[in-house]
Amino acid sequence: MTMLHLRGGSSSLVLDLSAATPVVVHWGRDLGVDPLIPASLGNAVAHSLYDEPVLTELVPQASTGWRGRPAVLGHRAGGTDFSPLFAMTGFTQDAGDVTINLVAAQERLALRVDLSLSPEGMLRIRHELTNESEESYSLEALNVSIPVGPAASEVLDLTGRWVREQHPQRQSLRQGTWLREYRHGRTGHDSSALTMVGTSGFSNRHGEVWATHFGYSGNRATFVEKTPATPAMLGSGVLFLPGELELSAGESYRTPWVYAAHSTTGIDGVSEVFHRWIRARPTHPRSPRPVVLNTWEAVYFNHDLDDLLELARMAGSLGVERFVLDDGWFRGRRNDHAGLGDWTVDTNVWPDGLGPLIEGVNAEGMEFGLWVEPEMVNEDSEVIREHPDWISGPGNRTPVEWRHQQVIDLVNPDAWQYVFDRIDALLTDNRIAFLKWDQNRDLVEPGHGRRASAVDQTEAAYRLLDALKRAHPDVEIESCSSGGARVDLGVLERTDRVWASDCNDALERQTIQRWTQALLPLELIGSHVGPTRSHTTGRTHSLSFRVITALFGSFGIEWDVRGLTPAQFSELQHGVSLYKTHRALLHSGTAVHADLRDDAYRLQGVVAVDGREGLYSFSCLRSAEDEVPGSIVLPGLDPQTRYRVEVVFPSGAIPDEQRNVIPWTVDSVTASGSFLSEIGLPMPILHPEHAILLHAAAVED
């Protein structure tokens, strides 16, 4: 009997490779070195069921008795070869990387399974299907799935909409299929960064959790499935449009990676696996994440060189390190009805080009960044007047407009080359360090030559990003898609951060960022201090609340700072300084979230890998149930280390408007890590939508 045992982080994966196809014996907590795994335990055979046990295969298939969603779904002409029977022909292993080859001889299909378990505990799986027949094969689905432990009883995933991304929803895990289909042609505002199943009541810091993420930016399906005969399965696959995937003789299709993590310490344990793995990537940003000022909510389309130079001077005096000119700089772009696709500087607004602004920004010691939306066009543009056939769609009509725009057909090689040439020239001719790469509409009818092209359009967008990165390797790119509609590890293979939401309302951002951070480390998540009155919700918040919320990300400002009062200038400048002081910790440490009985409060933080310091925010999001917050724990600290804890923002003591100031918050307190993480500190009464920032630093005995 061939048992394959992979270990990584605090998890183990055990596969039985002696069966006809690989069987998943265990994916979960670490089994230790050389565990004694019995050769064969078998499984009971129920009455009125197959005469042989139904196995938990890595490649589920109806031909071996699987009654759920199969790994491979497809057929040949006339509906033949609809149910392949795969058998393993061999495997190779190189440390934690394994390749398994299977063949369905009668159906003339070959399947390759790549999987790896990293030292951080990240399990990655993908499938590649090859048509070995002269007759084409219509592929309808190629799903990657993995069973979870029998103790799992609840499902938690995320959903949302524009300016309200990544909000949690929880339900019981029962027999049946929990299916989420995303037909946006992009990741989608309702996309779930993680699909999690766990033991009853699993929380931030407690419970056993199994979680997956599908690293892909197009149409897809994710599911949790439990049949009466088998454990629950977590799975994902690209969601193909009708007739989209036709494999010719010898042609192959390979899925994106499914990423999976297991934790015995709640959701924070899952996040730690993802964060450690993401940070270990060769392409992960290594330089300090600069303080950004984006001009959108400062000037919108009203571009004027003198105004923008004044804005840049004020930004420089605040300590901003990157100045980003947003939408409105190109020909005909005085509103969002025209100009997309031309990508030529508007000489009516910029008679000398962007050079004078770039020089002014650089003179203030800042990098210059620029907003682009290369995958979209307005019908009112020179490029579409010349090439109306470059609009992606069904071919016999133009799709419904979305924000007055259409999708440019990047599957068309001429259109792809045109877009590449324009953006390449822009980067060649100007000193641009950063692109805010936007994508502002769903692709519900992506088509090329009257055939569905969602997969090809996604791959073409990836090729465009890759080609521009090769041509301009020093230019960083942010993935923005009308906010957080393209947040996934597929686009992050070729970009340097994501814009989590178009909403800069700090109260909304508290939830959006918390759950985006469940997948991504803070340095990859753009987070800005917006205006006093939010442009998307109409709420007003204190500057300290907005600053503290934005600190837990890749910090920036999106506000017309020319109108700051002296007090606002001083407070915002202090917030910028705090970010610079602590960004090395924020962008390398372990993210932690306390489990609090009253969800009116939120305690989140980042603890240094060596345990010597931690930075925490304590927020009041709404009116609380109790009269006082009581003691709130600071999780993640080393139990044996003593820490000095102080409030570092707002400056000095809690502001006068906050009632019942507690003595330690005026000065500081010293306590052991065990006390702070198990008993905690009494917190002041904060008004709703206010926060304080705490710093814990190790002290010698």
Side-chain angles (χ1 to χ4, degrees), residues 292-316 322-364 366-388 390-391 401-408 415 418-441 468 472 475 478 480 482 502 535 558-563:
V292 172
L293 185 136
N294 184 281
T295 66
W296 180 242
E297 292 194 18
V299 300
Y300 292 102
F301 291 108
N302 300 318
H303 288 195
D304 175 85
L305 177 59
D306 291 337
D307 287 346
L308 288 165
L309 286 174
E310 182 184 355
L311 185 63
R313 284 191 291 271
M314 182 64 76
R322 176 179 285 164
F323 184 95
V324 179
L325 181 66
D326 211 285
D327 194 0
W329 56 268
F330 47 96
R331 187 173 56 201
R333 192 65 167 177
R334 304 280 56 81
N335 53 48
D336 63 358
H337 292 228
L340 279 179
D342 290 341
W343 308 121
T344 300
V345 176
D346 193 334
T347 55
N348 292 322
V349 179
W350 303 96
D352 298 314
L354 296 176
L357 177 61
I358 296 173
E359 291 170 6
V361 166
N362 293 160
E364 295 294 332
M366 296 181 291
E367 298 175 343
F368 180 78
L370 192 66
W371 179 95
V372 293
E373 193 174 4
E375 299 163 70
M376 301 295 151
V377 290
N378 289 124
E379 292 185 58
D380 184 3
S381 63
E382 290 301 320
V383 64
I384 294 305
R385 280 188 280 274
E386 294 177 12
H387 304 282
W390 282 7
I391 293 177
E401 283 191 323
W402 178 307
R403 291 185 61 173
H404 315 291
Q405 62 192 54
Q406 299 284 0
V407 179
I408 190 167
Y418 164 83
V419 175
F420 174 84
D421 289 344
R422 284 296 175 95
I423 305 302
D424 177 57
L426 189 68
L427 295 173
T428 300
D429 297 341
N430 297 279
R431 190 176 180 183
I432 297 172
F434 174 85
L435 288 179
K436 178 180 177 181
W437 185 296
D438 215 338
Q439 192 261 37
N440 273 314
R441 68 158 291 167
L468 287 166
H472 305 277
V475 175
E478 174 185 70
C480 175
S482 46
D502 280 345
H535 291 199
E558 197 156 336
W559 185 15
D560 190 350
V561 294
R562 294 174 297 173

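Nothing here was measured: the structure is a model prediction, and the numbers come from that model.
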- Message: Using the side-chain contact (heavy atoms from CB on, under 4.5 Å) definition, which of the options Val372, Asn294, Val292, Leu370 pairs with Lys436?
- Response: Asn294
- Item | Side-chain heavy atoms of Ile391 within contact of Val407, under 4.5 Å |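 A side-chain contact is absent here, since even the closest heavy-atom pair is not under 4.5 Å.
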- Are any of the side-chain heavy atoms of Val324 and Arg322 separated by less than 4.5 Å? yes
- Should the pair Arg562-Asp307 be classified as a salt bridge under the 4.0 Å nitrogen-to-oxygen rule?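 Looking at Arg562 and Asp307, the cut-off is met.
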- Lys/Arg N to Asp/Glu carboxylate O, Arg333 vs Asp346, below 4.0 Å: no
- CD1 of Ile408 to CG of Leu340: how many Å apart, nearest 0.5 Å?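 If we round to the nearest 0.5 Å, Ile408:CD1 and Leu340:CG are 10.0 Å apart.
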- Message: Side chains of Trp437 and Glu375: any donor to acceptor distance under 3.5 Å?
- Response: yes
- Task: May I ask you to decide if the ring planes of Phe330 and Trp343 are parallel, tilted or perpendicular, using 30° and 60° as cut-offs?
- Result: tilted
- Message: Parallel, tilted or perpendicular: which one describes the rings of Trp390 and Tyr418, with boundaries at 30° and 60°?
- Response: tilted
- Item | CZ (Arg431) with more than 12 external heavy atoms under 6.0 Å |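 For Arg431, atom CZ is not crowded (no more than 12 foreign heavy atoms under 6.0 Å).
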- Just by modelled atom types, is the Ser482 backbone N or O under 3.5 Å from a matching donor or acceptor in the Asp438 side chain?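 Yes: the side chain of Asp438 pairs with the backbone of Ser482.
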- For Glu379 and Gln406, run side chain to side chain donor-acceptor pair (under 3.5 Å): C-alpha distance rounded to whole Å, both residues' side-chain angles, the deciding distance at 0.1 Å, then the answer. CA-CA 7 Å; Glu379 292 185 58; Gln406 299 284 0; 3.2 Å; yes
- Task: Please lay out, stage by stage, how Asn335 and His404 fare under the test side chain to side chain donor-acceptor pair (under 3.5 Å).
- Result: CA-CA 10 Å; Asn335 53 48; His404 315 291; over 6 Å; no
